[in-house]
Amino acid sequence: MKEHLQALLEQALERLKIQGEIPSAITVPVRVERARDSAHGDFATNLALAMAKPAGHPPRKLAEKIVQALPPDPVVRKVEIAGPGFINFFIDPLAQFEIVSRILAEGERFGRSRSGGGRKVHIEFVSANPTGPLHVGHGRGAAYGASVANLLEAVGCTVHREYYVNDAGRQMDILTVSIWVRYLQNCGEALPFPANGYRGEYVLAIAEALQREHGEAFRLPAAEVLRGLPPDAPEGDKEAYIDALIERARNLLGGDRYEKVFQTGLDAILGDIREDLEAFGVRYDLWFSERGLVRAGRVREALDRLGDGGWLYQREGATWFASSRLGDEKDRVVVRENGQATYFASDIAYHLDKLERGFDLLIDVWGADHHGYVPRLKTAMRALGAEPERLEVRLVQFAVLYRGKERVPMSTRAGEFVTLRQLREEVGKDAARFFYVMRKAEQHMDFDLELAVSQSNDNPVYYVQYAHARVCSVFRQLGEKGWRHDVDRGLKCLHKLTENHEQALLGCLARYPETVERAAAMREPHQLTHYLRELAGLFHTYYNAHTFLVEEDALRDARLNLIEAVRQTIANGLSLLDVTAPESM
RNA sequence: GCGCCCGUAGCUCAGCUGGAUAGAGCGCAGGCCUCCGGAGCCUGAGGUCACAGGUUCGAAUCCUGUCGGGCGCGCCA
């Protein structure tokens, strides 16, 4: 409808230009919006206001000219000029009914479009280090990324979902020795747990599994392990201690056994992460290994490429990327003095790899604490010859957990965080997924566990799902009363839907496709949650105000068509959020 | 100190890229089941859009500054 009115306005402008009423040179984007107030009709445009200055006419006068030049159209019942020069369109009510037939005809496809232009989009999200289970902080990125991916697919993009597995860095070595120390302790060796190690219970569980499967194959005397190590915190430096311990583990265990402990830890944790995400409704097309990237020589390649472009230089024994020449605040090290590539270097290689795989757009979803990282990665894109717009970084702010009024402490260090699994078990997948995307991503969020789990009216998830279940319930009642739903008869009698509640619902339903389009274009799934809440609210109001299962066949079928359209739309919207639409609750 | 995000009703938040009288939910005060599911509905009170300037027909929205909150500024990942 918007497009239709925009086309009419374009025609009017053409006509005015030909008539010489307005200069033909000026171009103003024609934008039609839904009127907020029904007194202002159904749609409105500020075209005359926007054009007044370049056209050299006062806005109201210009509006009159535009209205006169507007070609007649059966759908447009009335056009008014209001306020400073808005042009308001009143749509023929009969045209509003069309949405119901459309929804029933399109079913699950209703709301899908091609507005994304078939772009190939790569979206990387979560990508938490496989050094421990996912916690609630990762949940928001997961819910957001998955919903954005679904939205992009709904508007016709080809979407590739990917998890970047950081299995190559020092953190993984720290995990490895953490497991090993726990294992040695379990074997009866008396040695202290490193201050900088991973303390979570999952480490113990992995150590136990290691012992079950391999007995004492990795056991060494504590004295040998500890001999000559520098002091650990608090007296000593915990970083130096753990590095020495890693070195010691490598030497004593040898490459193969060290690798075995490493791999056991990685597999266990990654397996957990996959399981968690799966249960959270999140699926990936690819789990991309950083180690694989390094082993394939891709990091070297990427650095060579930067070097060929003249972007690298040596200083103080390290290799630097001259990112400040492209606007970063300072240059960045890519190869350390000790010859090891930095995390940044493999990240550059990873993004180069993505670019070479032929995606039109790369979307990275990161925690907001990584925001300082955005400019340098953008400069790397440019140095590699890619337009920086091909990389879009979406930052997701932290969620602070509450139980009622009380803030839930979160400390990864001490291992006393709430895992995503605990959250899911406590509030359920549906509530968690919905809650996480209810707020704008860049908005700090308070996540109240008590609220999410409460089966009450304060809980928007149930409110929306309940609307869906209620429609299903009406259809069950229909059968019990011995009636049958005649869809065609209902479609012919849609004009009987004249109540205010029905008109409001029709208007809301008509807005669904554009809501999906906007949410996708802006990467804002929260727009969809707000829409669904509104639609459900209008339905509940309607439900209370009118009986659907009336004696009059034609009216009953018309109403059933309307509420079936509501049900379908809610189901479609929820599915984009990976939230279920239950038939009963 | 510098950079990024944020500041809208008692609380949690929307506000459709600058439009018309700033909206929801919760909470609070009242009301609605002989009726398709009360996990629902209706009515009401509640605002200096942090503050001060600026841009223009028009600002919660854009620009500058101030104040307040969060996060980040490693040869960590």
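Everything numeric in this text was worked out from a predicted model, so none of it was measured. So that the names make sense, note that chain A is the first sequence line, chain B the second, and so on, each numbered from 1.
- The shortest distance between the side-chain N/O atoms of A/Thr541 and the OP1/OP2 oxygens of B/C42 is below 4.0 Å.
- Nucleotides B/U12 and B/G70 are separated by 14 Å at their P atoms, to the nearest Å.
- Across the strands present, B/G18 finds no partner; the criterion is a Watson-Crick or G-U wobble pair with both atom distances under 3.5 angstrom.
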Polar pairs (N or O, both sides) under 3.5 Å between protein and nucleotides 33-37 of chain B?
residue, atom, partner, partner atom, Å
B/C36, O2, A/Phe548, N, 3.2
B/C36, O2, A/Leu549, N, 3.2
B/C36, N3, A/Phe548, N, 3.0
B/C36, N4, A/Tyr543, O, 2.3
B/C36, N4, A/His546, O, 2.2
B/G37, OP1, A/Ser473, OG, 2.6
B/G37, OP2, A/Ser473, OG, 3.4
B/G37, OP2, A/Gln477, NE2, 3.4
B/G37, O5', A/Tyr543, OH, 3.4
B/G37, O2', A/Tyr466, OH, 2.2
B/G37, O2', A/Arg470, NE, 3.1
B/G37, O2', A/Arg470, NH2, 3.4
B/G37, N7, A/Ser473, OG, 3.0
B/G37, O6, A/Met585, N, 3.2
B/G37, N1, A/Met585, O, 3.4

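- Rounded to whole Å, atom P of B/G19 lies 17 Å from atom CZ of A/Phe43.
- Residue A/Arg518 places a side-chain atom within donor-acceptor reach of the base of B/C16, judged by atom type and a 3.5 Å distance cut-off alone.
- Nearest heavy atom pair, residue A/Val333 against residue A/Thr342, reads O-OG1, 3.2 Å.
- Residue A/Arg559 is classed as having no contact, given no heavy-atom separation below 4.0 Å to the nucleic acid.
- Rounded to whole Å, atom P of B/G25 lies 11 Å from atom CD of A/Glu534.
- Of all heavy-atom pairs between A/Leu423 and A/Val136, the closest is CB-CG1, 3.8 Å.
- A distance of about 15 Å separates the C1' atoms of B/A50 and B/A9, rounded to the whole Å.
- Rounding to whole angstrom units, CG of residue A/Asp167 and P of B/A77 are separated by 13 Å.
- A/Ile348 places its CD1 atom 13 Å from the P atom of B/A77, with the value rounded to the nearest Å.
- Both tests pass for A/Arg556 against the ring of A/Trp483: distance under 6.0 Å to the centre and angle within 45° of the axis.
- A/Tyr313 and A/Asp331 form a side-chain donor-acceptor contact under 3.5 Å, judged by distance and modelled atom types alone.
- Using a 4.0 Å heavy-atom cutoff across all strands shown, A/Gln340 reaches no nucleic acid atom at all.
- A salt bridge between A/Glu502 and A/Arg559 is present, with a side-chain N of the basic residue lying under 4.0 Å from a carboxylate O of the acidic one.
- Between A/Arg332 and B/C76, a side-chain N or O to OP1/OP2 separation shorter than 4.0 Å is absent.
- Both stacking criteria are satisfied for A/His40 over the base of B/A20: a centre-to-centre distance under 5.5 angstrom and an angle between ring planes under 30 degrees.
- Of the candidates B/A77, B/A14, B/C71, the closest approach to any side-chain atom of A/Asp369 belongs to B/C71.
- A salt bridge links A/Glu514 to A/Lys2: one of the charged nitrogens lies within less than 4.0 Å of a carboxylate oxygen.
- Between the side-chain ring of A/Phe86 and the base of B/A20, a stacking contact exists by the 5.5 Å and 30° definition.
- The side chain of A/Tyr463 has B/G40 as its nearest neighbour among B/U17, B/U12, B/G40.
- No contact: A/Met438 has no heavy atom under 4.0 Å from any strand.
- Classified by its glycosidic torsion, B/U12 falls in the anti category, the angle being over 90° from 0.
- Ring pair A/Tyr542/A/Phe548: centre-to-centre distance below 6.0 Å.
- For the pair A/Arg336 and B/G74, the criterion of a side-chain N or O lying under 4.0 Å from OP1 or OP2 is not met.
- A salt bridge links A/Asp553 with A/Arg489: the distance from a Lys NZ or Arg NE/NH1/NH2 to an Asp or Glu carboxylate oxygen falls below 4.0 Å.
- Residue contacts shown for A/Ala368 are limited to sugar-phosphate atoms, with no base heavy atom under 4.0 Å away.
- Spacing between B/C28 and B/C71 at atom C1', rounded to whole Å, works out to 36 Å.
- Taking the C1' atom of each, B/G54 and B/C16 are spaced 27 Å apart, rounded to whole Å.
- Taking atom C1' on both nucleotides, B/C33 is separated from B/G69 by 47 Å, rounded to a whole Å.
- B/G58 and B/C11 have their P atoms separated by 33 Å, with the value rounded to a whole Å.
- When rounded to the nearest whole Å, the span between CZ of A/Arg140 and C1' of B/G70 equals 12 Å.
- Note on A/His370: a base of the nucleic acid sits closer than 4.0 angstrom, heavy atoms only.
- Here the side chain of A/Arg170 is nearest to one of B/U17, B/C76, B/G3, namely B/C76.
- Annotated as anti: B/C35, whose glycosidic dihedral deviates from 0 by more than 90°.
- Taking atom NZ of A/Lys53 as the reference point, atom C1' of B/U55 lies 10 Å away to the nearest angstrom.
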Distances under 3.5 Å only, N/O to N/O: pair up the protein atoms with those of nucleotides 5-9 of chain B.
residue, atom, partner, partner atom, Å
B/C5, O2', A/Gln397, NE2, 3.4
B/C5, O2', A/Glu442, O, 2.9

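- Counting non-hydrogen atoms under 4.0 angstrom, A/Ala35 reaches nothing in the nucleic acid.
- Under the Watson-Crick and G-U wobble criteria, each requiring two contacts below 3.5 Å, nucleotide B/G58 is left unpaired.
- Electrostatic pairing of A/Glu564 and A/Arg567 counts as a salt bridge here, judged by a charged N lying under 4.0 Å from a carboxylate O.
- The same atom, P, is picked in B/A24 and in B/G46; the two are 15 Å apart, to the nearest Å.
- To the nearest 0.5 Å, the span separating CZ on A/Arg376 from OG1 on A/Thr379 amounts to 8.5 Å.
- Ring to ring, A/Tyr164 and A/Tyr350 are close: their centroids are under 6.0 angstrom apart.
- B/C42 sits 15 Å from B/G27 when the P atoms are compared, rounded to a whole Å.
- The base of B/G19 is paired with the side chain of A/Asn46 by a donor and an acceptor separated by under 3.5 Å.
- The NE2 atom of A/His530 sits 12 Å away from the P atom of B/C16 (whole-angstrom rounding).
- In this structure, A/Tyr373 reaches the bases: a heavy-atom distance under 4.0 Å links it to at least one base atom across the strands shown.
- Figure legend. B/A52 is base-paired to B/U64; pairs are counted as Watson-Crick or G-U wobble with both atom distances under 3.5 Å.
- Within the 4.5 Å cutoff, the side chain of A/Ile246 has heavy atoms near those of the A/Ile174 side chain.
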Does the side-chain contact (heavy atoms from CB on, under 4.5 Å) test come out yes or no for A/Thr45 and A/Phe86, once each step is laid out?
-> CA-CA 6 Å; A/Thr45 181; A/Phe86 291 102; over 6 Å; no

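- At a threshold of 4.0 angstrom between heavy atoms, the contacts of A/Asn88 include nucleobase atoms, whether or not backbone atoms are also involved.
- We find that CH2 of A/Trp320 is positioned 7 Å from C1' of B/C75, with the value rounded to whole Å.
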